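Presented below is the structure to which this report refers.
The model shown is predicted, which means the values in this text are computed figures rather than measured ones. Just so you know, these numbers use all the heavy atoms, side chains as well, and skip hydrogens, waters and symmetry mates.
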Amino acid sequence: MARYNPKETEPKWRKAWADADAFRAVMEPGKPKYYVLEMFPYPSGRLHMGHVRNYALGDVIARFKRARGFSVLHPMGWDAFGLPAENAAMERGVDPKAWTYENIARMRAELKELGLSIDWSREFATCDLSYYSKQQALFLDLYERGLVYRKEGIVNWDPVDQTVLANEQVEDGRGWRSGAIVEKRKLNQWFMRITDYADQLTDDLASLDRWPEKVRVMQENWIGRSRGLKFSFDFAPAAPKGFEAGLEVYTTRPDTLYGASFVGIAADHPLAEQVALKDPRAAAFIAECKTGGASQAEIDTAEKIGFDTGLKVTHPFDPSWELPVWIANFILMDYGTGAIFACPAHDQRDLDFSRKYKLPVKPVVLPPGEDAATFDVGDEAYVGPGVIYNSDFLDGLDIEAAKAAAIGRIEAQNQGEGATVYRLRDWGVARQRAWGCPIPVVHCETDGVVPLPKSALPVALPDDLEFGKPGNALARHPSWKHTTCPQCGGAATREVDTLDTFVDSSWYFARFTDTEAAQPIDKTAADYWLPVDQYIGGVEHAVLHLLYARFVTKALADDGQLRVREPFAGLFTQGMVTHETYRRQSGEWLEPHEVEVIVEGAARRARLLDNGADVVIGDVEKMSKSKKNTVAPEEIFDVYGVDAARLFVLSDSPPERDAMWSNAGVQGAWRFVNRVWEEFESQPAPNTEEAASRGGDGEAATAVRRATHKLVKQVTEAIDSFRFNSGIARLYEFLNLLKANPAKGASPALLGARTEALSAFSRLIAPFTPHLAEECWVRVGGEGLVANAPWPGFDPALTEDAVRVLPVQVNGKRRGEISAPAGASPADVEKIVLDDPEIARRLEGLTIRKVIVVQDRIVNIVAA
RNA sequence: GCCGCGAUAGCUCAGUGGUAGAGCGCAUCCUUGGUAAGGCUGAGGUCCAGGGUUCGAAUCCCUGUCGUGGCACCA
């Protein structure tokens with residue numbers, strides 16, 4: 001008997017799919033559509049196990065939906081602009097474009113080896129002129145709608161990558177790629193008005209019922225909508241210059257206004273700067289605030305410090321009540337108005353500050369059950385519910401009513417109004433990099449910033465960029481930027497900034513619906529295919545990419561270019577692929593293939609393959625180059641075949657959790673592949689006589705038939721609910737059942753049942769191990785490709801057993817079992833139970849209080 | 001600090017009110033012309049802890065412990 005040979009069969013079937021053009025997506029009116037998309041890869045040049053898992057997961061869905069009769073779109077492309085290409089150019093003197101396209105070629109070959117059901121005719125890279133020129137047209141559309149603008153602003157500057165970063169790209173005060181401490185710089189910058197959509201982006205999260213709750217919460221927190229009151233304090237006696245209108249503050253707790261203790265402003269507030277001009281001590285204090293570290297740990301532990309400006313403001317509800325104005329280091333200029341009123345009794349930060357500087361602390365919210373005469377806050381601010389007191393006209397109200405009343409009074413006094421404030425800032429989209437989509441705008445001495453007309457597109461990148469030194473190679477190109485102004489015809493220079501690569505990825509899913517269209521987006525194709533029914537990728541994009549894509553989709557919908565207002569109806573965030581780590585005694589990391597793991601009973605140890613030296617087995621961690629705990633997919637494909645690798649990453653754990661790669665695990669999957677093939681080979685080739693005898697009686701045949709129908713049901717449900725690992729577990733079990741009912745010596749009835757079973761089985765494994773499935777499908781006499789075969793159905797009647805074995809409990813303890821027909825009435829079952837001699841023996845001397853029969857499940861007798 | 005998630009066999013995980021399961025690993029035995037293999041059989045579990053609801057709890061509720069992810073001086 002021939003061992004299953006993936007090296008022969010796998011390429012053969014990939015060729016068969018390509019020859020048949022099996023995965024071309026076609027718009028078919030009257031047929032339900034399904035758009036499956038995995039987050040497209042950055043062409044780093046190497047496929048890693050994370051990719052294998054991501055694309056295998058998507059492929060299961062795509063193949064399953066195809067078999068279920070959907071018209072499926074499952075495309076692939078490349079997120080190809082970005083810094084790594086420029087870094088490679090700088091380090092190795094290669095051309096970023098050539099480097100990128102070579103990487104794409106290599107990764108495409110590796111991806112194709114995975115046997116994915118992808119429509120490769122739609123492939124594109126974001127660095128293709130045919131893509132980014134369309135993006136330039138979209139940029140102009142958004143510019144025209146006022147959603148793109150330019151302003152001087154303080155930006156995050158990454159000194160290592162020499163570029164501006166969006167807020168979302170700064171983590172703990174460091175650049176998300178370089179890890180360098182981010183500096184604040186004042187620059188002219190391009191922004192997209194994502195804040196215009198802050199409300200929609202928050203509200204529409206509720207409609208994304210097939211998104212993980214976790215991601216929705218993260219986006220909601222990121223947008224950070226809060227409702228409160230903006231109002232101005234009047235100065236007493238006289239306002240400083242420029243503040244005649246008062247000092248504007250924002251609060252979410254207007255109900256606690258009578259607990260006010262002081263007013264605080266950020267160190268970089270304009271008023272603080274003005275005070276510093278006259279008072280050197282204030283200037284020194286502000287300088288001190290700026291020396292604090294940027295990392296989260298430093299911010300957390302930073303002590304609250306303040307400086308009394310000597311200025312006073314009057315309380316809005318009592319002109320005779322004066323409050324001091326302090327500069328405080330814990331107030332942020334870029335949130336709200338950069339100024340607050342402090343109510344220490346009900347805000348921990350204000351309380352810490354007030355205790356330190358001996359400022360008054362007056363509680364105004366009385367917790368339930370406390371006595372107004374004795375209640376006091378110690379060192380812990382009270383932020384819970386309660387009744388307002390010590391607060392004049394607000395006394396006796398609950399918190400929500402008091403908020404409304406206070407806002408009403410402020411509005412009546414014309415001192416301010418209820419306001420909604422967001423944490424979200426506008427999206428800075430310009431990058432000072434050459435390997436990106438050029439911004440289609442020129443700078444003219446006469447006309448200023450002038451967008452190009454669409455007829456002047458595309459603005460192509462030059463092919464002869466010099467990457468010898470850091471900085472923007474586009475800016476220092478000798479001729480590229482020199483052009484003429486489309487308005488006055490005079491000399492002008494091109495914008496040398498390029499777009500953030502997150503712009504590239506915020507509409508690519510729409511381009512996939514028609515990659516040939518002259519317009520950026522073909523309305524007919526987009527209306528047919530969008531939204532993406534199932535989007536799959538890493539949770540690390542929960543905020544950045546997924547928020548930008550939602551914003552751009554809404555903006556394009558408002559521009560009439562898209563019908564959908566949300567791009568991704570379903571989102572699945574898969575876990576990472578992890579692996580054990582290994583180190584020498586000296587602490588150096590070791591690659592898995594340098595190590596031999598030895599199992600001794602329950603214990604495991606490891607040694608170096610070279611010289612047998614002891615190796616320390618470390619924690620299981622995400623595969624990473626730095627810890628050397630990676631396994632190259634190519635090497636696995638070579639040894640075990642693609643199907644075994646796919647099967648293992650899919651079977652190991654639930655898709656949303658981390659999957660631990662292990663050699664033993666992939667070997668197990670490989671053994672399964674072989675055992676499956678063995679089972680198909682042991683079955684006599686189908687002929688009409690046997691096909692006619694399908695079904696029939698005989699206990700084994702019936703058992704196999706029932707198990708088959710149950711299996712179809714279980715696997716179908718498992719795939720539908722993204723529990724691929726448990727679907728595969730059922731397939732493992734089922735194979736064991738087939739082995740227990742072998743073809744050798746089987747009755748015609750059993751052979752028939754086996755034929756039915758194997759036919760279903762070959763289709764059920766197709767989403768997971770597509771090559772093996774094709775081979776099995778041929779063996780079982782299937783017509784055409786299993787990739788085109790319909791999903792097996794099941795007979796619900798056959799998924800249930802006719803006779804049930806019911807456990808019998810006495811007082812909750814299992815005391816025996818009885819057999820009863822499925823669906824037997826409680827009275828009938830009770831009779832069977834009470835007639836059972838073993839049960840009767842257990843009940844001797846006891847009085848039966850109650851008999852509980854759960855149909856087809858269990859019987860419990862309560863007795864004393 | 002706030003919001004999640006998890007804890008079930010040695011490992012990775014199913015099981016969401018009704019007899020505690022799978023794969024891998026481990027052990028015994030068989031096969032030694034599927035052989036960097038295959039097969040039979042088996043051992044192995046206070047379902048994290050405590051309390052509650054229930055005839056009945058791994059499952060529902062409460063409290064706690066440990067691990068893990070995200071957010072965070074956001075007024």
Side-chain angles (χ1 to χ4, degrees), chain A residues 1-4 212-215 217-218 220-222 224-226 228-229 249-253 256 264 266 296 299-304 328-332 334-343 346-350 352-353 421-424 539-540 542-543 575 578 580 599-604 620 639 648 651-654 656-662 664-669 671-672 674-675 677-678 681 718 723 725-733 736 739 805-817 849-863:
Chain A
M1 210 185 291
R3 155 87 47 101
Y4 182 69
E213 173 70 16
K214 177 180 166 174
V215 174
V217 168
M218 282 166 73
E220 195 173 340
N221 289 342
W222 185 265
R225 177 165 68 189
S226 81
L229 169 69
V249 301
Y250 172 72
T251 181
T252 56
R253 293 298 301 272
T256 63
Q296 201 56 55
I299 289 170
D300 279 348
T301 54
E303 199 182 343
K304 291 180 178 44
N329 66 335
F330 67 91
I331 299 168
L332 308 172
D334 60 1
Y335 183 79
T337 63
I340 62 158
F341 93 83
C343 176
H346 305 294
D347 181 288
Q348 192 60 46
R349 292 156 303 173
D350 298 349
D352 294 345
F353 191 88
V421 164
Y422 306 92
R423 205 184 81 101
L424 183 70
V539 74
E540 65 272 19
V543 174
T578 61
E580 247 175 6
V599 178
E600 291 167 336
R604 300 170 75 240
V620 173
V639 178
F648 175 54
S651 66
D652 180 68
S653 51
E656 69 276 13
R657 291 220 213 148
D658 289 352
M660 194 178 85
W661 185 273
S662 69
V666 73
Q667 280 172 14
R671 271 200 289 274
F672 177 76
N674 280 293
R675 290 198 302 148
W677 179 239
E678 219 171 73
E681 274 218 320
R723 289 173 3 251
N725 59 322
S726 50
I728 292 170
R730 300 290 87 77
L731 291 166
Y732 270 83
E733 288 170 32
N736 286 339
K739 282 206 176 299
V805 175
L806 306 182
V808 179
Q809 295 180 334
V810 176
N811 292 331
K813 295 233 163 33
R814 186 171 181 275
R815 293 301 186 211
E817 60 184 37
R849 293 269 164 81
K850 199 171 175 185
V851 178
I852 300 140
V853 177
V854 182
Q855 196 170 65
D856 295 344
R857 303 297 287 267
I858 197 166
V859 180
N860 191 15
I861 300 167
V862 185

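- In this structure, the nucleotide among C73(B), G70(B), G39(B) sitting nearest to the side chain of Met218(A) is G70(B).
- Across C3(B), C73(B), C55(B), the shortest atom-to-atom separation from the side chain of Val217(A) is found for C3(B).
- As rounded to whole Å, 14 Å separates atom C1' of C71(B) from atom OH of Tyr335(A).
- Here Tyr732(A) lies in heavy-atom contact (under 4.0 Å) with sugar-phosphate atoms only.
- Ile728(A) comes within 4.0 angstrom of no nucleic acid atom, judged by non-hydrogen atoms across all strands.
- Under the Watson-Crick or G-U wobble criterion, with both distances below 3.5 Å, C55(B) is paired with G18(B).
- U32(B) and U46(B) have their P atoms separated by 40 Å, given to the nearest Å.
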Problem set entry | Derivation and outcome, side-chain contact (heavy atoms from CB on, under 4.5 Å), residues Arg225(A) and Arg423(A) | CA-CA 7 Å; Arg225(A) 177 165 68 189; Arg423(A) 205 184 81 101; over 6 Å; no

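- Judged by Watson-Crick or G-U wobble contacts below 3.5 Å, the nucleotide C71(B) has G1(B) as its partner.
- Glu678(A) and Asn674(A) form no side-chain donor-acceptor contact under 3.5 Å, judged by distance and modelled atom types alone.
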For this session: Start with the C-alpha gap between Arg253(A) and Asp347(A), add the side-chain angles, then the distance that decides, and say whether side-chain contact (heavy atoms from CB on, under 4.5 Å) holds.
Result: CA-CA 10 Å; Arg253(A) 293 298 301 272; Asp347(A) 181 288; over 6 Å; no

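- For the pair Phe648(A) CZ and C24(B) P, the interatomic distance rounds to 12 Å; values are reported in whole Å.
- Counting heavy atoms from C-beta on, the side chains of Glu681(A) and Trp677(A) come closer than 4.5 Å.
- Only the P atoms considered, G4(B) is 36 Å distant from G45(B), to the nearest whole Å.
- Two residues are said to be in side-chain contact when any heavy atoms from C-beta on lie closer than 4.5 Å; Leu731(A) and Phe672(A) meet this criterion.
- Shown here, G34(B) is classed syn by the O4'-C1'-N9-C4 or O4'-C1'-N1-C2 angle, which is within 90° of 0.
- The separation between Arg675(A) atom CZ and U35(B) atom P is 17 Å, rounded to whole Å.
- Rounded to whole angstrom, the span from the CG atom of Asp347(A) across to the P atom of A75(B) amounts to 9 Å.
- Contact annotation: Tyr250(A) does not reach the phosphate of A75(B) (side-chain N/O to OP1 or OP2, under 4.0 Å).
- In this structure, U65(B) forms a base pair with A7(B), meeting either the Watson-Crick or the G-U wobble geometry with both donor-acceptor distances under 3.5 Å.
- The line from OH of Tyr250(A) to OG of Ser226(A) is 2.5 Å long, rounded to the nearest 0.5 Å.
- Closest contact between the side chain of Arg423(A) and the listed nucleotides C71(B), A14(B), G25(B) involves C71(B).
- Both Val539(A) and Ala669(A) sit near RNA chain B, but only Ala669(A) has its closest nucleotide nearer the 5' end.
- Between G25(B) and G17(B), the two C1' atoms lie 33 Å apart (nearest whole Å).
- Closest approach to the Lys214(A) side chain among C3(B), G69(B), A75(B) is made by G69(B) (side chain taken as heavy atoms from C-beta onward).
- Of the C1' atoms belonging to A58(B) and A9(B), the separation is 14 Å, rounded to the nearest Å.
- For C11(B) and C47(B), the P atoms lie 16 Å apart once the distance is rounded to whole Å.
- U54(B) atom C1' lies 18 Å from atom CD1 of Ile861(A), rounded to whole Å.
- For Arg349(A), counting side-chain heavy atoms from C-beta on, the closest listed nucleotide (G18(B), G39(B), C74(B)) is C74(B).
- Residues Phe341(A) and Asp350(A) fail the side-chain proximity criterion, which asks for heavy atoms closer than 4.5 Å.
- With a cut-off of 3.5 Å on both Watson-Crick or G-U wobble distances, the partner of C26(B) is given as G42(B).
- Protein atom CG of Asn674(A) is 13 Å distant from nucleotide atom P of C24(B), rounded to whole Å.
- Nucleotides U8(B) and A14(B), compared at atom C1', are 10 Å apart to the nearest Å.
- For the pair Leu731(A) CG and G23(B) P, the interatomic distance rounds to 12 Å; values are reported in whole Å.
- Listed candidates were A75(B), A72(B), G18(B). Nearest to the side chain of Asn860(A) is G18(B).
- Taking atom P on both C3(B) and U63(B), the two are 12 Å apart, rounded to the nearest angstrom.
- Taking atom NZ of Lys739(A) as the reference point, atom C1' of G39(B) lies 9 Å away to the nearest angstrom.
- With C73(B), A75(B), C71(B) as the choices, the nucleotide that has an atom nearest any side-chain atom of Asn221(A) turns out to be C71(B).
- You'll find that the side chain of Arg671(A) is closest to G38(B), out of G38(B), A72(B), G39(B).
- With P as the reference atom, A20(B) and G56(B) are 16 Å apart, rounded to whole Å.
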